[in-house]
Amino acid sequence: MNAGLEWAAAVDLRLVLISLIGVLNLWAAGHTVLSDAPRREKTLWVAVIFLCPIIGSTFWFVFGPKLWAEKR
């Protein structure tokens with residue numbers, strides 16, 4: 001009985017993490033598409049965000065907005 005509860009808790013945690021990653025990717029891609037960056041940079045960032053979900057969105061949060069803010 002206890003092993004069944006642990007498995008259910010693990011499944012819920014995985015679903016929460018997958019949902020969180022999905023929401024972060026959509027948020028990052030949305031901000032990328034609506035930004036003033038050139039189309040080539042937008043396309044590259046969206047590709048990186050969706051092809052490498054965890055690393056791509058992390059890179060976007062670290063490097064993306066700062067690079068575009070400097071160009072303005």
Side-chain angles (χ1 to χ4, degrees):
M1 183 74 171
N2 198 9
L5 291 175
E6 289 176 11
W7 180 82
V11 170
D12 288 342
L13 180 60
R14 281 181 262 161
L15 289 175
V16 168
L17 289 175
I18 290 170
S19 299
L20 180 63
I21 291 168
V23 167
L24 288 175
N25 284 343
L26 288 174
W27 186 75
H31 276 275
T32 302
V33 171
L34 296 175
S35 72
D36 294 334
R39 181 177 288 186
R40 181 177 291 164
E41 289 183 20
K42 289 180 187 184
T43 305
L44 179 64
W45 273 114
V46 171
V48 168
I49 290 168
F50 283 114
L51 292 176
C52 306
I54 297 170
I55 295 171
S57 59
T58 303
F59 278 177
W60 181 84
F61 284 112
V62 173
F63 299 115
K66 292 178 187 174
L67 290 175
W68 295 334
E70 292 173 4
K71 290 183 180 180
R72 290 183 185 179

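Just so you know, these numbers come straight off a predicted model, no measurement behind them.
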### Query
If you round to the nearest 0.5 Å, how far is CD1 of Ile55 from CD1 of Ile49?
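These two atoms lie 13.0 Å from each other.
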### Query
Which other residues end up in the same hydrophobic cluster as Ile54, if Ile, Leu, Val, Met, Phe, Trp and Tyr are linked when side-chain heavy atoms come under 4.5 Å apart?
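Members alongside Ile54: Ile21.
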Do [X] and [Y] belong to the same hydrophobic cluster, where Ile, Leu, Val, Met, Phe, Trp and Tyr are linked whenever their side-chain heavy atoms lie under 4.5 Å apart, directly or via other members?
X     : Y     : result
Val48 : Leu51 : no
Leu26 : Leu44 : no
Trp45 : Val62 : yes

### Task
Answer yes or no: is there a side-chain heavy-atom contact under 4.5 Å between Asn25 and Phe50?
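Heavy-atom side-chain distance check passes, below 4.5 Å.
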#### Entry: Test item: Lys42 side-chain N/O and Val33 main-chain N/O as donor-acceptor pair under 3.5 Å
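Yes, the answer is positive, given that a donor and an acceptor are paired below the 3.5 Å cut-off.
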### Task
May I ask you to decide if the ring planes of Phe61 and Trp27 are parallel, tilted or perpendicular, using 30° and 60° as cut-offs?
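Ring orientation, 0 to 90° scale: parallel.
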